2 protein chains.
Amino acid sequence: MPKYVYLFGGGKADGNGSMRNLLGGKGANLAEMAGNKDLKLPVPPGFTITTEVCTYYYEHKKTYPKELKKDVETAMAKTEKIMGKKFGDPKNPLLVSVRSGARSSMPGMMETILNVGLTSKTIPGLIEKTNNPRFVYDAYRRLIMMYSDVVMEKAAGIEPKDDEGIRKQLERIMADRKKEKGVTSDTDLDADDLKYLAQAFKDRIKEVLQKDFPDDAYAQLWGAISAVFASWNGKRAIAYRKIEGIPDAWGTAVNVQAMAFGNMGQDCATGVAFSRNPGNGDPHFYGEYLVNAQGEDVVAGIRTPAPINSSSKSEHNKGEETLEEFMPKIYKELFAIQKKLEKHYHDMQDIEFTIENGKLWMLQCRNGKRNGPAAVRMAVDMVKEKLITKEEAVMRVTPSQLDELLHPVIEKASEQAATILAKGLPAGPGAACGTIAFSSEDAINANAEGKKVILVREETNPEDVEGMRAAAAVLTARGGMTSHAALVARGWGKCCIVGCAAVHVNSEEKTLKIGDKTFGVNDWLTLNGTKGIVYEGKLQMADASENAVLAEFLKICDKVRILKIRANADTAADAKKAKEFGAEGIGLFRTEHMFYGENSEKPLFALRKMIISNTTDERKAALDELFPFVKAAIKEAVEAMDGFPVTIRFLDPPLHEFIPREQSAKEEVAKSLGISIEEFDKRAEKLHETNPMMGHRGVRLGITYPEITEMQARAIFELSAELLKAGKKVVPEIMIPVTCCKEELVNQKAIIDRVYKEVLKAQNIKKISYSYGTMIEIPRAALLADQMAEVAEFFSFGTNDLTQLSFGFSRDDVGSFLKDYQEKKIIDFDPFQTIDAAGVGKLVDIGVKLGRGARPGMKIGICGEHGGDPKSIEFCHNVGMTYVSCSPFRIPIARLSAAQAAVNSAKNQKTAAKKVKAPAKTAVKVKAKTKKK
Amino acid sequence: MPKYVYLFGGGKADGNGSMRNLLGGKGANLAEMAGNKDLKLPVPPGFTITTEVCTYYYEHKKTYPKELKKDVETAMAKTEKIMGKKFGDPKNPLLVSVRSGARSSMPGMMETILNVGLTSKTIPGLIEKTNNPRFVYDAYRRLIMMYSDVVMEKAAGIEPKDDEGIRKQLERIMADRKKEKGVTSDTDLDADDLKYLAQAFKDRIKEVLQKDFPDDAYAQLWGAISAVFASWNGKRAIAYRKIEGIPDAWGTAVNVQAMAFGNMGQDCATGVAFSRNPGNGDPHFYGEYLVNAQGEDVVAGIRTPAPINSSSKSEHNKGEETLEEFMPKIYKELFAIQKKLEKHYHDMQDIEFTIENGKLWMLQCRNGKRNGPAAVRMAVDMVKEKLITKEEAVMRVTPSQLDELLHPVIEKASEQAATILAKGLPAGPGAACGTIAFSSEDAINANAEGKKVILVREETNPEDVEGMRAAAAVLTARGGMTSHAALVARGWGKCCIVGCAAVHVNSEEKTLKIGDKTFGVNDWLTLNGTKGIVYEGKLQMADASENAVLAEFLKICDKVRILKIRANADTAADAKKAKEFGAEGIGLFRTEHMFYGENSEKPLFALRKMIISNTTDERKAALDELFPFVKAAIKEAVEAMDGFPVTIRFLDPPLHEFIPREQSAKEEVAKSLGISIEEFDKRAEKLHETNPMMGHRGVRLGITYPEITEMQARAIFELSAELLKAGKKVVPEIMIPVTCCKEELVNQKAIIDRVYKEVLKAQNIKKISYSYGTMIEIPRAALLADQMAEVAEFFSFGTNDLTQLSFGFSRDDVGSFLKDYQEKKIIDFDPFQTIDAAGVGKLVDIGVKLGRGARPGMKIGICGEHGGDPKSIEFCHNVGMTYVSCSPFRIPIARLSAAQAAVNSAKNQKTAAKKVKAPAKTAVKVKAKTKKK
C-alpha cells in the first residue's frame with residue numbers, strides 16, 4: 001500500500017527535497033526545510049497529500065483511496081500536537097491552509113484556501129484566545145469568499161448566471177457596506193462590519209448556490225482538498241500545461257499546513273527576503289517586512305514595507321525601523337537561517353517568513369529570481385566563495401540576462417507606464433529613443449546635428465546603410481529576422497525592430513501612421529528592441545554600462561567551453577571590436593561589404609563597371625580598378641586580427657544587386673565603359689533573375705568569370721606577403737561560397753594555386769600559410785560533404801542559406817506566411833533565428849560526419865546568423881563543430897552559450913553512460929546462460 | 001610465360017568470343033567464327049597479337065617480349081599452311097592485312113594496313129598467279145599510300161611540313177597522272193599507270209621522309225604491327241578514350257590475317273549483309289554485293305551494289321542480278337551461315353564477306369545496328385521465335401529508338417542536305433516545319449486558316465499557351481529544359497527547341513535574326529526537336545506513324561517491369577490519351593492548369609478575384625465562383641480514368657503568377673470587387689515576391705487561407721459522391737504540395753476530414769475511398785519523411801523542386817551558368833533532365849527509407865520531369881518506388897525504361913550475390929581455425 005500522506009514540521013519530515021514528483025515542488029521544499037538535518041527550520045507543521053492521490057482521484061471517478069480519511073486524521077492529530085492546538089476545537093482551534101503544489105510550478109493556475117477550520121464553534125474560542133475579534137471575523141469573511149468561489153462554485157462545476165460568479169457578488173456586498181459606512185478601504189471596516197458581512201455572505205451563498213456554507217471544520221477541509229484536486233483539471237490549468245508541455249498525468253499534491261498569522265498584534269510581522277540583493281547581486285542579506293500584517297499585504301503595496309536591515313534601505317524606506325532594530329533576536333535567527341539555506345541550496349534564496357506573537361515561522365524558500373547584472377555578480381562571487389563550481393556558475397546566467405548587460409534598456413517603471421504603439425520582430429536588442437527620420441539622408445543630417453533619431457522605413461536596402469549607422473535605432477514595416485535591416489543592425493549591436501506591420505510609412509510626406517495616430521519628424525518614439533515593442537514618446541533610459549564583473553564572468557565561461565568563438569567582421573573597426581569582445585578569429589569576412597556604407601563610392605563604381613562589362617577584357621580592366629580596394633580592405637582586417645585566423649569569403653551575392661537604379665549613376669558607369677545608356681540598360685536587364693537567391697552567385701560567378709576569383713586570390717596573397725615581410729603573422733583562410741559539388745572547388749583551386757605561385761615568385765617569398773575551404777550552405781554540398789572534404793580543408797556552415805533551401809523558405813518573402821505558421825503552431829520557432837535541429841540540423845550533422853570521415857579532425861564552423869543564438873550554439877557544440885562565428889556584439893553571449901553547452905553535454909553524456917551500462921549487463925548475462933547449455 | 005599470339009582459321013582457333021579483353025573485339029569474334037564448334041566458318045586464317053603485348057610495348061620503351069618474333073613466325077607458318085601460300089614467297093605469295101582491335105570498339109580511331117607482303121620480289125609471282133597486273137599494281141600503290149602515311153610518317157612521329165602529309169602528296173601525284181591521261185576515275189588508270197605511280201610514290205617518299213619504302217615482307221609486317229600499337233596512343237585515339245571513358249591501360253590487340261580479294265575477276269565479289277532488315281526489322285536475309293570489287297568500293301558508293309536476294313531489292317537496284325541468281329551455290333552457303341550466326345549470337349548479325357575466285361570468306365560478323373522501328377520489330381519477332389527471352393527483348397530497344405516511333409521525323413536525306421541555322425536545347429522531341437508566328441495570336445489565326453506555323457518567342461509565359469497549342473512547334477531564345485515552353489510542349493508531345501541563344505526575335509517588327517540572316521512571317525523553318533536543330537526552309541517529313549508491333553513490344557515490357565506507370569494529366573483529353581498510351585493512373589493532376597489555355601477565361605477571372613481579395617469573406621465569395629470550374633475539371637479527368645487512381649495536387653503556384661498585367665483585365669477584376677484600380681495595384685504589389693519559388697505557395701496558401709483547401713476538398717468529395725452514385729468507381733488521392741513538416745499535413749487534414757464528413761452527410765453516402773498524401777519536394781520533408789509518413793498515406797517525389805532546392809539552382813535562372821558548368825565539366829549532365837543520383841537521389845533514398853520505415857509498404861512515386869527520363873526511371877526502380885508519373889507522350893518510353901531497369905537490377909543483384917558469397921566463405925574458414933586453437 002503506498003503512503004499517501006507525508007508529515008512535516010516539529011524538526012522532522014517524512015519526505016525531503018528530492019521528492020518533487022510525489023510531493024510536488026512546494027511539499028518537497030517544506031519537507032526539506034522542516035526535516036533536513038542541516039536545516040530543521042521552524043516551518044508551520046502540516047502534511048502533504050501526494051500526487052498519486054490525485055492520479056487515483058481521476059482514475060476512480062473522483063473518489064479517494066479508502067485509507068486516506070484515516071491517514072489525514074492521523075496527520076492532523078500530529079500537526080495538532082506540534083502546534084498545541086486542535087482542528088475544530090472550540091477553545092484552542094487550529095486553522096490550516098490548503099494549497100496545491102505540482103511537480104513543476106504553475107503559478108496562479110490552481111487554487112488555495114486559507115483559514116480553513118473557522119466555524120461558528122471555533123470563532124468564539126479564537127476570539128478569546130487572540131483577544132482580537134476584528135482579526136477573527138476578517139479571517140472568517142476571507143475564508144467564506146475563497147471557499148464559496150473555489151469549492152462551492154468552481155469545483156462543483158456551477159456555471160454562474162450572466163457570467164457573474166459568487167465571488168463578484170460577495171465583493172459587491174462588501175463594497176456596498178463600505179459605501180454605507182462612508183469608507184474606502186477594507187481596513188476601515190471594523191469587527192462588527194465584518195461579522196455582518198460574514199452573515200450576509202452566507203445568506204447570499206445559500207440563495208445563489210442553494211447550499212449552506214459548511215460549518216464543520218472537517219467538512220471544510222475535505223471540500224478544500226477536493227477543490228484543489230479538481231483545479232488540476234480546470235480550464236486555465238489545462239491550457240497552461242498544454243503551452244508548457246506539462247503532462248496531464250503528473251497531477252498535483254495538496255499541502256495542508258497550520259496557519260501562522262503575522263497580523264495578530266504588534267509582536268507579529270511578515271516579510272520577504274533574499275540571501276543576496278536580487279537587483280544588483282550585492283552579497284548582503286536583503287529584504288522587507290511589515291509589522292502586524294499578512295503576506296498579501298506586503299505584496300499588495302498598501303503599506304510601505306520597512307527594510308529588514310541597513311543594507312536593505314532605499315530612498316523610500318530609509319526612515320523606517322529595521323527588523324534588526326525592532327526584533328534583534330528574531331532578526332538574528334532569520335539571518336542565520338538564510339545563511340544556512342544559501343549554503344544548503346548553493347544558490348541565492350528567496351524566503352517568506354511570518355512572526356506570530358514573537359515566534360518566527362518560515363513559510364517558503366526557493367532559489368531567487370534575479371536580473372542580469374545580479375546573476376553575473378552572484379555567479380562570480382559564489383565561485384570565489386567556493387559555494388559553486390565554474391560549471392555551476394556558467395549555468396546561473398541565462399543568455400538573455402547577459403544581454404541585459406550589453407545594451408541600454410528602458411527604465412523599468414517608465415516602460416511599465418508607457419503606451420504600447422505596436423509590436424514587431426525583435427531584430428536588434430537593447431533600447432533607444434529619438435525623433436523620426438524618414439530617409440537615410442535625414443538620419444545622417446540629424447546625427448550630424450547631434451540629434452538622436454529613429455530611422456523608420458518600409459524596409460531597408462543597401463542604400464540605407466549610412467542612415468542606419470547614423471540612427472539610434474531602426475524600425476521597418478516589413479522583413480523578417482534575417483532581413484537586410486535586421487542583419488545590418490544586429491551586426492552593429494544596434495536596436496532594431498522589423499516586420500512591424502502596424503506601421504504605415506509615407507516617406508514622401510514624412511508621416512508615420514500607427515492605428516489612428518499619425519507621427520511626424522518632431523515626434524518621439526522609444527523602441528524596446530529586445531522585445532520588439534514600439535512606445536509613444538521619450539521614455540527614460542537605464543544605461544546598463546560595462547559591468548566590471550562581466551569580464552571576470554566571461555573568463556569563467558572561457559575555461560568551461562570547448563567551442564572556439566569567432567566573429568563575422570568586414571572592417572578593421574569590426575575586427576578590433578571583435579577582439580575586444582574576445583573573438584579568437586574572424587569566421588566570416590564578407591568581401592562585398594566594402595561596397596556598402598562609408599567610403600564605398602569608389603570600389604562600388606569599379607564593381608559596377610565590372611558587372612556591366614560584356615567582354616573578358618572589359619571585365620579585367622574593371623577588376624584591375626577594383627583590386628586595390630579589395631586588397632586594402634582585407635589587409636586592414638587581417639592586420640587588426642594580429643595573427644588570429646581570418647576567413648575571407650569570396651564574392652557571394654548575385655551581381656545585379658549592385659546595379660545602380662538612379663539615372664545619374666547609370667550614366668556615369670555607361671560613360672566610363674564608353675557605352676550608351678540603352679546598352680547599359682540592356683546589359684543590366686540581362687542580369688535580372690527570377691529567383692536571385694538560387695541564381696548566378698557565389699562560386700558560380702567564379703566559374704563563369706575566373707578573373708574575379710583570380711583578382712581576389714591575388715589581393716589576399718599580396719597583402720599576406722607584404723604583412724609577412726613586415727614581420728607580422730597572418731593566417732588567411734580562403735572560403736568559396738555557394739558550392740554544390742567538388743568539381744567547383746577543384747576548378748577554383750586551380751586558379752588560386754596558380755596565382756599563389758605567381759605571387760610567391762613576384763614577392764620573392766617561400767610560403768604563405770593559407771588554407772582553402774568552403775561554405776556548406778547548399779543541401780547537396782552537405783549530402784556530399786565527403787567529396788567536398790577531399791578538396792576543402794575546412795567547412796563553414798552557412799545556415800542562413802541552408803535553412804532557406806532546406807525549408808524552401810525565401811528569407812525575403814517568409815514574412816507573408818511565417819506568422820501564420822507560428823500562430824497555428826505549425827512551426828513553433830523562427831528557423832532563421834534558432835537552427836532547426838531536426839531538419840536543417842540533420843543536414844549539418846550529415847555534413848560534419850561525412851566531412852570528418854574524409855578528412856579526420858577537419859576544422860568545421862558555422863557563420864550564419866545562428867552562430868550568435870544560444871540554442872543553436874548548443875547544437876553546434878553537440879554536433880562537434882570547432883567554432884561558431886557571430887557578430888561582434890553577440891560574442892559575449894556566444895562565450896556563455898558555448899560554456900553552457902559544454903556543461904549540458906557533459907551532463908547528458910553522464911546520464912547516457914548510466915543508461916547504457918544497465919543493458920550491457922543484461923547482455924552479458926544472456927551470454928552466460930547460452931554457455932551453460 | 002603468357003601466350004602472346006592466338007591463331008584462328010582452318011576450322012580451329014586458339015581463342016574464342018569471350019576473350020575480348022585479351023584479343024580485342026575483332027580478334028575474339030574472328031576466333032569465335034573460325035573455331036566455335038557450331039560455326040567453323042570460312043574465315044581467312046591469321047593470328048591475333050594480344051593486348052598484353054600492347055601493354056608490354058608501352059611499359060618497355062616500345063619494345064616487344066623476346067619470344068614474340070618466333071611466335072609470329074610460327075603463327076605465320078601455320079597461316080601459310082592453311083592458305084597454301086607463303087608470306088614473301090616470289091611464286092605464290094601470301095598477302096596479309098594488319099588491323100587494330102581493342103576491347104571496346106573505337107571506330108576509325110586506329111590504323112589498318114592492307115596488302116602487306118607485296119615487294120619487288122613477290123609482285124611478279126602474284127601477277128603470274130592472278131594473271132591480273134592491274135590488280136597487283138593497284139594493290140601495291142594502295143599499300144604504299146597507307147604504309148607511308150601510317151608507318152613511315154605518323155608512327156615515326158614525323159610532323160609534316162606546311163601541314164601537308166605524305167599521303168596528300170601522293171594523292172596529288174595520282175591526281176596529276178589522271179589529269180595527264182585525261183581521265184577522272186581511279187579505275188580509269190591502267191596497269192602501267194599504276195606501276196608508274198608506285199615508282200613515283202617511292203621516289204617521293206625517299207625524298208620527303210629520307211627513307212626507302214621497305215621491300216621486305218617481314219620488314220613491312222613488323223612496321224605495320226608497330227604502327228598499330230603506336231596508334232593506340234595517337235592523339236585522336238586518346239581524345240576518343242577520354243570522351244568514352246575507356247582506360248588507357250586496356251591497350252589494343254593486332255590482327256594479322258590473310259588477305260582475301262574480291263577484285264580478282266568475275267568469279268570474285270564482296271558484300272555486306274544483315275540477317276534481318278536493319279531498316280524495318282523485316283525477318284529476311286538482307287544485303288548488297290558487288291562483283292569484282294573490294295570492300296571499300298561498297299562503302300565508297302562509286303558503283304551501285306546489287307541486292308543479294310529478292311527481299312533486298314529496292315527502287316535503285318531492282319534491275320541488278322542478285323547474288324542468289326548469280327552465284328546460287330555461294331548464296332546458299334552464305335544464307336546458311338547468317339542463319340547459324342543469328343542463332344549463335346541470339347541477335348541480328350551484320351556480316352562482311354568476300355568471294356575470291358569462287359570461294360566464300362567471312363571477314364567479320366557483329367551484332368547489327370538498327371533503327372527504332374527495326375529494333376522493336378526484331379525484339380517482338382525474336383521473342384515469338386523463342387530466340388530470346390522477354391528480358392532480353394526489352395534490352396534490345398533503346399529509349400531513343402523507341403522515341404523514333406512516337407514522333408514524326410525529318411526525312412533522312414532531306415535532313416543531311418539541309419543547312420543548320422542554329423542549335424538549342426532539345427526540349428520537345430520530333431520534328432516539324434512551318435512558317436513563323438511571332439505571337440500567340442498569330443499562331444492561333446494561322447492555325448484557324450489551316451496553316452502550319454512555328455511559334456518563335458524570346459521565352460513563353462502562361463499567356464502564350466493557346467498559341468503554343470495552335471503551333472506545330474515552338475522555338476524560344478531563352479529558357480532551359482524545364483522552362484515554361486519546355487514543360488508545356490513536352491506535356492503535349494510537341495516539337496520544341498528552347499534556349500536557342502543564336503535566335504534574336506523582334507516581335508514587334510515580326511523579324512527573326514539568326515546570324516546575318518533575317519526571316520519574316522512568310523519564311524519556312526524546320527525544327528528537329530529531338531536534336532535541338534533549327535534548319536532553314538521546309539524539309540521533307542517522314543511520318544513514323546503508329547507501329548502495330550509497338551503495342552506488342554510494350555506489352556512485353558509490361559510483363560517484365562515492376563514499376564507502375566502513371567501520367568501527369570490535367571484535362572480529360574490528356575487523361576484519355578494517357579490511358580491509350582498505357583497509363584495505370586494519373587500521378588499528377590495540377591489543379592491550376594484549368595487557368596491556362598482553352599476555356600480558362602471564367603475560372604481565371606474567379607481565381608484573380610480570389611487572389612486580390614483582402615478579407616476572408618471576399619475570398620470565400622470568389623472561391624464559391626471558382627468552385628464549379630474546379631469540380632468540373634477534376635470530375636472529367638477522374639471519369640476519363642475510369643476507376644484508375646487520380647492524384648489531385650492542391651493549388652501549388654504562388655498566387656501572383658496569375659495577377660493580370662493588362663489594364664483592361666485589371667479593371668475588370670477591380671470592378672467586380674468594387675475596388676479602385678489603385679487599391680487593386682496596391683494589393684497586387686503586396687503579393688510581389690523576391691524569390692517566388694521559395695515563397696507563399698503550395699500548402700502555405702492552404703495554411704494561410706484554409707478556405708482554399710476547403711473549396712478543393714469539397715470539389716473532390718462532391719464529384720466523387722456523384723460518380724459513385726452513378727455507379728462509377730473513383731479512386732481520388734489528395735496530394736498536398738510544398739510541405740516541409742508534419743504539422744502542415746495535420747493542419748490540412750483536419751480541414752479535409754471535416755469537409756469529408758460534411759459531404760458524406762449532405763450527399764447521404766457512407767464512404768468515399770480516398771487517400772491523403774504529400775509531395776516530397778522540399779529537402780526538409782525528405783529528411784523528416786518518417787514524420788511526414790505518420791500523416792501522409794503516400795508520397796510523390798517532386799524532383800523538379802527538390803533538384804532546385806538541393807542544388808540551389810533556380811530553373812528559371814540556371815541558363816546563365818549551367819552551360820559554363822557543362823563546358824568546364826563541373827557537372828556533366830543537366831540535373832533537371834536526369835536525376836542527380838548522388839545528391840538529390842540521396843535525399844530521395846533517405847525519404848523512401850524513412851517513409852517506409854514509418855509506414856511499411858507505403859505507396860511512393862515520382863511526378864517531376866524525371867518521371868519520363870530513362871536513367872531517372874532506372875533510379876526510381878532501384879530506390880524501390882511504386883510508380884513513376886510522366887507526361888502522356890513519355891509513357892511508352894517509361895514502360896520500356898521501367899522494364900530495362902527491372903532487368904538490370906536483377907542482373908546486378910545476381911552479380912552482387914556472387915560477390916558476397918566469396919568473403920562469406922573466407923569468414924567461415926577463419927572461424928574454423930579459431931576453433932581448432
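None of these values were measured; they are calculated from a predicted model. Letters go in sequence order (proteins before strands), and every chain restarts at 1.
- Interface summary for chain B: among G839(A), A838(A), S810(A), the most heavy-atom pairs under 4.5 angstrom belong to S810(A).
- Between D753(A) and K749(A) there is a salt bridge, since at least one side-chain N of the basic residue sits less than 4.0 Å from a carboxylate O of the acidic one.
- A side-chain donor-acceptor contact under 3.5 Å links S872(A) to the backbone of I835(A).
- With no hydrogens or angles considered, a side-chain donor-acceptor pair links Q748(B) and T709(B) at under 3.5 Å.
- Neither the backbone nor the side chain of P654(B) comes within contact range of chain A, judged by heavy atoms closer than 4.5 Å.
- Considering CG of D828(A) and CD of E743(B), their distance stands at 8.0 Å, rounded to 0.5 Å.
- Neither the backbone nor the side chain of L687(A) comes within contact range of chain B; no heavy atom of the residue lies under 4.5 Å from a heavy atom of that chain.
- There is no contact between E777(B) and chain A, counting heavy-atom distances below 4.5 Å.
- Contact count versus chain A (heavy atoms, under 4.5 Å) is highest, among K742(B), R478(B), M693(B), K819(B), for M693(B).
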Could you walk me through whether V848(A) and F795(A) pass the side-chain contact (heavy atoms from CB on, under 4.5 Å) test, one step at a time?
-> CA-CA 8 Å; V848(A) 170; F795(A) 284 167; over 6 Å; no
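- Looking only at side-chain heavy atoms (C-beta outward), R754(A) and P706(A) stay at 4.5 Å or farther from each other.
- Note: F809(A) and F817(A) have perpendicular aromatic rings, judged against thresholds of 30 and 60 degrees for the angle between ring planes.
- Residue D801(B) does not touch chain A at all, counting heavy-atom pairs closer than 4.5 Å.
- Of the atoms belonging to K686(B), not a single heavy atom falls under 4.5 Å from chain A.
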Next item on the list: Give the intermediate values and the outcome of side-chain contact (heavy atoms from CB on, under 4.5 Å) for residues F797(A) and V879(A).
Entry: CA-CA 12 Å; F797(A) 280 88; V879(A) 90; over 6 Å; no
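- Each of I703(B), L783(B), L843(B), N691(B) has some count of heavy-atom pairs under 4.5 Å with chain A, and the biggest count is that of N691(B).
- In terms of non-hydrogen atom pairs under 4.5 Å with chain B, the most contact-rich of V746(A), D813(A), N747(A) is D813(A).
- Note: K842(B) leads Q787(B), H688(B), R697(B), K842(B) in heavy-atom pairs under 4.5 Å with chain A.
- Between chain B and the options A781(A), P692(A), G698(A), A782(A), heavy-atom pairs under 4.5 Å are most frequent for P692(A).
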